[in-house]
**Student:** 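Handing you this structure, nothing more for now.
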Amino acid sequence: MSIDFENELNEAQREAVTTTEGPVLVIAGAGSGKTRTIVYRLAHLVQMGVDPSQILLLTFTRKAAQEMLQRAESILGRSLHGTSGGTFHSFAYATLRQNAMDIGFDNGFTLMDRADSENICKEVKDTLKLGKGDRSYPRKNTLLDMVTKSRNKELTIEAILEREAYHLSPYLDDFNEIADGYRQFKREHALVDYDDLLFLLDELLEKNEPLRNQLQTRYKYIMVDEYQDTNLVQARIVKYLAGTKGNVMAVGDDAQSIYAFRGANVANILEYPKIFEGCKVIRLEQNYRSVQPILDLTNEILKGATTKFDKNLYSELKSDRLPRVVYPLSDQTQARLVVDQILDFKRKYMLHDVAVLFRAGYQSFPLEVALTRVGIDYQKFGGIRFHEAAHIKDVLSYLRLVLNPHDLLAWQRAMDHIKGVGPKTVAKIYKAMHTDDEKYLAKMMKKHDPLKELLVELNKLRSTPARPASVLESVLAFYQPILIEKYPDDYPKRQAGLEQLSQIAVNYTDMELLLGDLSLDGDPEEEKRKENAVVLSTVHSAKGLEWSGVIIIDLVEDRFPSRKAMQRAEDLEEERRLMYVACTRAKEQLMLFVPSSVFNRASGMSEPTLPSPFIMELPETVYDRLNESYGGGLEQRRRPAASRPSPVFEDDPIEEPPSNPKASPKKLGVCEHKIYGKGKIIAYIEPNKYRVNFFGFGLKVIIGDYLKFL
DNA sequence: TGGTGGGTCTTTTTT
DNA sequence: AGACCCACCA
């Protein structure tokens with residue numbers, strides 16, 4: 001069968017597909033057929049006679065890789081079995097496992113997940129007796145954040161603190177000590193974290209020339225998707241794999257870079273042509289996804305970016321309908337209105353062709369409750385992952401112990417349910433096991449029956465090697481009473497999760513691989529899109545996907561953009577790109593929800609909000625505005641009336657931020673805000689925010705750009 | 001000495 | 001809802 005490249009691809013796409021020799025960089029705007037291009041290129045290579053096993057496809061999620069391979073298979077009508085595809089991390093994991101000796105892990109290693117890493121940081125902190133009694137001492141989450149940021153950006157912790165967490169600088173010495181202790185702990189326990197996967201592979205490729213040559217020979221054709229979200233070490237890995245003149249194609253969009261927080265470096269994409277000599281650069285600019293009114297809005301979002309992107313997407317898809325901005329009275333009524341909207345979409349689209357997007361995982365909770373109440377099925381991406389659920393981790397800890405009795409973290413988890421045994425006792429038991437202190441162990445087993453049962457069970461499992469699925473079956477039977485005891489309220493739901501785990505395990509013959517895959521890619525079963533279930537997703541997890549109807553919720557200051565991102569201009573820029581990614585997911589209908597108040601857990605009250613700056617700055621011509629009336633319905637906004645319920649609604653879109661953003665920031669005094677009117681500046685907050693006491697509105701923190709200084 | 005339970009604060013994004 | 005601290009109890 002021959003592929004009709006003439007009709008299936010436009011000229012730029014065709015060029016990207018047929019240029020198979022030498023380095024290629026494809027700059028692909030949102031919805032410009034990037035995936036299509038990769039898929040056809042895969043097919044084209046195989047049709048040319050390339051052996052599928054000579055192709056390496058690196059993507060951002062394993063799901064993306066599988067989808068592309070499947071599509072290429074259906075075009076070709078033959079199997080692409082043997083093609084290597086997946087994330088950098090999973091590729092690294094597989095390669096390292098085959099060469100564990102070379103990187104100093106003679107007995108293999110265990111891959112940790114985020115929670116494991118955080119717990120080690122905390123443990124190290126406690127061992128070093130740091131931060132005792134300091135209530136505002138950085139949380140373990142923050143500790144690990146600094147450690148991995150420093151690694152991913154390849155900067156010292158000092159530089160990280162200086163650049164993006166100035167308020168934490170008093171803890172610099174502590175962070176350095178903790179980072180050292182963390183590294184040591186990992187080495188001593190043969191543990192590897194996500195970052196290590198990349199750095200160890202980098203090291204391996206650098207030092208082991210035969211292996212490097214072997215991989216270069218094997219992977220004749222390399223494709224890397226989402227290149228704007230790679231970091232420095234990933235770029236080095238690509239370079240090692242490709243050699244300087246390899247056939248390597250990178251695809252990306254600088255306007256869609258949303259992983260800088262994780263060390264992603266847009267410079268990678270810009271420098272790419274310099275690193276790979278003779279690189280051909282191809283731009284895909286026509287959008288095939290969205291109707292023009294949606295693109296009019298997304299182009300406006302990019303206009304506000306300080307780093308201008310050379311992008312102005314156009315589409316031939318017409319529509320009379322403008323995107324809509326809806327102002328519900330609260331996040332509670334927002335949930336109700338979104339449900340109504342989903343029901344409306346349902347008359348036109350399949351539910352899996354409709355998505356609700358949000359900035360952070362917790363923001364969908366009220367909506368999940370509302371959907372459950374009316375009986376609409378949903379599938380959620382982002383937020384807590386399958387393997388992070390407490391009951392799954394419990395069960396996995398037993399599996400880990402079968403494999404590796406030195407896994408202290410797993411021991412802590414496995415003994416958690418034993419009453420009367422806490423962290424200290426676990427440490428003692430652990431030590432006793434490793435010094436063969438049988439007497440102490442016997443004593444403890446006598447004292448704590450469940451401990452004895454646990455050790456007996458583990459011994460039994462270790463002495464009879466079996467497939468992962470059958471080991472898991474025994475473990476689940478053992479865990480059953482513990483599950484009910486630990487989670488009396490919702491154990492049936494968790495039970496279902498455990499059964500799902502059994503389903504996954506059936507496909508594995510190697511326990512270590514099962515555990516690694518779970519940490520790296522979550523639940524492979526869950527990655528299939530459920531029929532007729534509306535999709536709820538964080539914007540990050542929505543990357544690369546598209547739906548006919550897209551709803552974005554919680555478009556208010558402190559949520560989208562995130563509160564944490566309001567302090568630094570660069571972070572706010574990334575939020576803007578995130579907003580761009582979110583809106584460009586929509587094919588036909590885009591709805592933006594801006595609740596006037598949201599529930600604040602800290603205060604236990606509903607608090608008024610400010611609309612997201614990304615909404616405020618949109619010209620009124622690109623959207624229709626709807627307000628929720630007190631009766632609960634939606635009404636198209638008329639000219640601003642005198643009897644508006646809340647002044648928050650009175651705004652006209654705020655025009656471009658004043659062109660003098662650098663105006664001496666330290667100045668205090670009186671200022672004016674479009675919505676809140678005049679106020680007194682109480683304090684300046686680095687680098688561009690002010691605490692202002694508004695007459696009649698009280699204290700607010702506002703970005704300098706939205707204030708007029710009087 | 002170490003475990004447990006209650007009270008209090010704080011939530012980004014992901015491999 | 002979770003994480004963390006502190007005070008009380010075995």
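Below, chains carry the letters A, B, ... as their sequence lines are ordered, and counting in each starts from 1.
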**Student:** CG of A:L408 to CE of A:M433: how many Å apart, nearest 0.5 Å?
**Tutor:** 9.5 Å
**Student:** Side chain of A:H540, heavy atoms from C-beta onward: which of B:dT11, B:dT14, B:dT15 has the nearest atom to it?
**Tutor:**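 Nearest to the side-chain atoms of A:H540, counting from C-beta on, is B:dT14.
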**Student:** What's the closest nucleotide to the A:K564 side chain, out of B:dT15, B:dT14, B:dT11?
**Tutor:** B:dT11
**Student:** A:D193 CG to B:dT15 P: how many Å, rounded?
**Tutor:** 15 Å
**Student:** Taking A:K34 for the side chain and A:G544 for the main chain, is one N or O donor matched with an acceptor at less than 3.5 Å?
**Tutor:**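 Checking the backbone N and O of A:G544 against the side chain of A:K34, no donor-acceptor pair under 3.5 Å is found.
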**Student:** Between A:L144 (CG) and B:dT11 (C1'), how many Å, whole number?
**Tutor:**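 About 16 Å, once rounded to whole Å.
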**Student:** Within 45° of the axis and under 6.0 Å from the centre of the six-membered ring of A:F105, does NZ or CZ of A:R187 qualify?
**Tutor:** yes
**Student:** Out of C:dC4, B:dG2, B:dT11, which has the shortest distance to the side chain of A:K140?
**Tutor:** C:dC4
**Student:** Measure from the side-chain heavy atoms of A:K125 and tell me the nearest of B:dT13, B:dT15, C:dC5.
**Tutor:**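 Of B:dT13, B:dT15, C:dC5, C:dC5 is nearest to the side chain of A:K125.
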**Student:** For A:I258 and B:dT15, give me the distance from atom CD1 to atom P, rounded to whole Å.
**Tutor:**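 After rounding, the gap between these two atoms is 11 Å.
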**Student:** Whole angstroms only, please: what is the CG-C1' distance between A:D225 and B:dT15?
**Tutor:** 15 Å
**Student:** Starting at atom CD of A:E570, determine the distance to atom C1' of B:dT13, rounded to an integer number of angstrom.
**Tutor:** 17 Å
**Student:** At under 4.0 Å between heavy atoms, what does A:R262 touch on the DNA or RNA strands: base, sugar-phosphate, or nothing?
**Tutor:** base
**Student:** Mind checking A:S90 for me? I need base, sugar-phosphate or nothing, with any heavy atom below 4.0 Å counting as a touch.
**Tutor:** nothing
**Student:** Using heavy-atom distances to pick each residue's nearest nucleotide on DNA chain B, tell me which of A:V426 and A:R114 is more 5'.
**Tutor:** A:V426
**Student:** Roughly, in whole Å, what's the span from CD in A:E574 to C1' in B:dT14?
**Tutor:**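 Interatomic distance, CD of A:E574 to C1' of B:dT14: 12 Å.
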**Student:** Under 5.5 Å between ring centres and under 30° between planes: true for A:F261 and the base of B:dT13?
**Tutor:** yes
**Student:** Check every atom of B:dT11, B:dG3, C:dC4 against the side chain of A:R563 and return the nucleotide holding the closest atom.
**Tutor:** B:dT11
**Student:** In terms of heavy-atom contacts, does NZ of A:K239 have more than 12 from other residues, nucleotides or ligands at under 6.0 Å?
**Tutor:**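 Counting other residues, nucleotides and ligands, NZ of A:K239 stays at 12 neighbours or fewer.
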**Student:** Using whole Å, what does the distance between atom P of nucleotide B:dT13 and atom CZ of A:F381 come to?
**Tutor:**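 For the pair A:F381 CZ and B:dT13 P, the rounded distance is 16 Å.
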**Student:** Check every atom of B:dT13, B:dT15, C:dC4 against the side chain of A:K122 and return the nucleotide holding the closest atom.
**Tutor:**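 It is C:dC4.
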**Student:** Starting from the 5' end of DNA chain B, give me the residue, A:T538 or A:T142, whose nearest nucleotide shows up first.
**Tutor:** A:T142
**Student:** Between the side chain of A:S150 and the main-chain N/O of A:I160, is any donor-acceptor distance below 3.5 Å?
**Tutor:**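 Not confirmed, A:S150 side chain does not pair with A:I160 backbone.
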**Student:** Between A:D510 and A:R97, does any NZ, NE, NH1 or NH2 come within less than 4.0 Å of an OD or OE carboxylate oxygen?
**Tutor:** yes
**Student:** Closest approach to the side chain of A:L520, judged atom by atom: which nucleotide of B:dT14, C:dC4, B:dT15 is it?
**Tutor:**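 Of all the options, the side chain of A:L520 is nearest to B:dT15.
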**Student:** Should A:S541 be listed as having a side-chain N or O under 4.0 Å from OP1 or OP2 of B:dT14?
**Tutor:** yes
**Student:** For a quick check of understanding: with a heavy-atom distance under 4.0 Å over all strands, which category does A:Y259 fall into, base, sugar-phosphate or nothing?
**Tutor:** sugar-phosphate
